[in-house]
Amino acid sequence: MDVRVQAEPFDPGTEAAAFTAAQGARAGAVVTFTGMVRDAEGRLDRMEIEHYPGMTERAIAAIVAQAAERWHLLDALVIHRHGALRPGAPIMMVATAAAHRAEAFAAAEFLMDYLKSRAPFWKKEVTAAGAAWVAAKADDEDALRRW
Amino acid sequence: MDVRVQAEPFDPGTEAAAFTAAQGARAGAVVTFTGMVRDAEGRLDRMEIEHYPGMTERAIAAIVAQAAERWHLLDALVIHRHGALRPGAPIMMVATAAAHRAEAFAAAEFLMDYLKSRAPFWKKEVTAAGAAWVAAKADDEDALRRW
Amino acid sequence: MTVLDVLYFAWVRERVGAPRERVETAAKDVAALIAELRARSDGHEAAFADTAALRVAIDQELAEFDAPLAGAREVAFFPPMTGG
Amino acid sequence: MTVLDVLYFAWVRERVGAPRERVETAAKDVAALIAELRARSDGHEAAFADTAALRVAIDQELAEFDAPLAGAREVAFFPPMTGG
């Protein structure tokens, strides 16, 4: 289990390759999720991500431990960036390895739902017109109830 | 949308990196699934995968088109190997790109459920003790009903 | 009478002893075709003994056992699929 | 009286005008602490005007507004989180 909270960029493909290769023949299924800075209208200059050093790592480690136990994960990885990110840049990724696909998918979705609403990150969008904090979505809070 | 049915090995990390990079800033979420030859007990010599050339590509293309429309996918990739595969080797992968995580996850799970039971592949496990066709699981048939 | 390409996969292929054969038939539907194929050899008989364990595709589309064969050119028999 | 490190994040930090401050307080719970903090400045008042929009963590664990502060060393206020 590996949790990294970092300002530095990361390459999701390189991480996915290393994670998958590390599983050997124990795992039958690896799921990865990569979240990118979205800017469909091309109006974003950058996304600024603030976090709560210390609590961030604790909160994520607790979520990962919960997922690992519930879905018998063979391995899990969470990487989350903070600082200023350009449109299209990977913000974060989650990877899960399990014997079968249902566990790997469920654990990855659970981790994402918890990271969205329970890990202390705050996103701010900066455009030519100014800066605005991204509001939490009711959907994201609702998503937690299914677990 | 890209569908590849091949005997050659592939590298899930390289594919994931290329797929993610190709999305630019339109996509907010990329999900990948990689299925590997599992051999927890170390008794497997190889997995042999037979398929129905022609029908395989048609069936997968139809499944991908359905997923793309239903979840507004920006992109999708399916790679599936046939022939003889060693323990730990990637058998297949699915990647989906969408604006938001829920769509990317749902489409990837849907594609996996359909590939399991509706794409014409058959797996045979070869051990020192002999060879046996893998039986379809009732679970896999049930998994289709949720869609 | 029409001529069909009949294809076999996985253990169906192994029991029949061949991956494909050309079959001249007047069978109206899949079930009638199966009845004809079973009589061909002991291997065919073994392959078609339990049709509940079989799936069929007509011209590369999954079909039911009562599907008509009018216009069909290729019929394939195989066990439930185990992809992914 | 105890001394707490009080931390602010995102727009709470911007309104207060500082990322953290040391606060000497006898507040028994989070709600009482908020009542004291609001009186510190117009910025604090703006930050705490709508507590429904706020979340609180005590010693880096999410907590409720009626949580006791006994033994606490670090209290953080911030908007709902938007990670992932």
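Reckoned from all heavy atoms, side chains included, excluding hydrogens, waters and symmetry mates. Lettering follows sequence order; numbering is per chain, from 1. Since the model is a prediction, treat every value here as computed from it, not as a measurement.
- The 12-atom threshold is not exceeded at CZ of R73(C), counting heavy atoms of other residues, nucleotides or ligands nearer than 6.0 Å.
- The environment of CD in E64(C) is sparse: at most 12 heavy-atom neighbours from other residues, nucleotides or ligands sit within 6.0 Å.
- Taking K124(B), M93(B), M112(B) one by one and counting their heavy-atom pairs under 4.5 Å with chain C, the maximum is reached by K124(B).
- Interatomic distance, F9(C) CZ to W122(B) CH2, rounded to the nearest 0.5 Å: 5.0 Å.
- Counting heavy-atom pairs closer than 4.5 Å to chain C, the top-ranked of the candidates M92(B), K116(B), E48(B) is K116(B).
- Heavy-atom proximity under 4.5 angstrom to chain C picks out H80(B) from residues 72-84 of chain B.
- Considering only heavy-atom pairs separated by less than 4.5 Å from chain C, the leading option among G54(B), A59(B), G35(B) is G54(B).
- The contact between A10(C) and chain B is made by backbone and side chain atoms together, counting heavy-atom distances below 4.5 Å.
- The CE atom of M81(C) sits 11.5 Å away from atom OH of Y114(B), with the distance rounded to the nearest 0.5 Å.
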Trace of the side-chain contact (heavy atoms from CB on, under 4.5 Å) decision for E50(B) with R13(C): CA-CA 11 Å; E50(B) 183 170 334; R13(C) 171 180 56 70; 2.6 Å; yes

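- Taking CG from L62(C) and CE from M55(B), the interatomic distance works out to 4.0 Å, rounded to the nearest 0.5 Å.
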Would you check, one step at a time, whether the test side-chain contact (heavy atoms from CB on, under 4.5 Å) holds for F121(B) with T82(C)? CA-CA 6 Å; F121(B) 291 99; T82(C) 54; 5.7 Å; no

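- Chain C is approached within less than 4.5 Å, heavy atom to heavy atom, by V134(B), A135(B), A136(B) from residues 134-147 of chain B, ordered by number.
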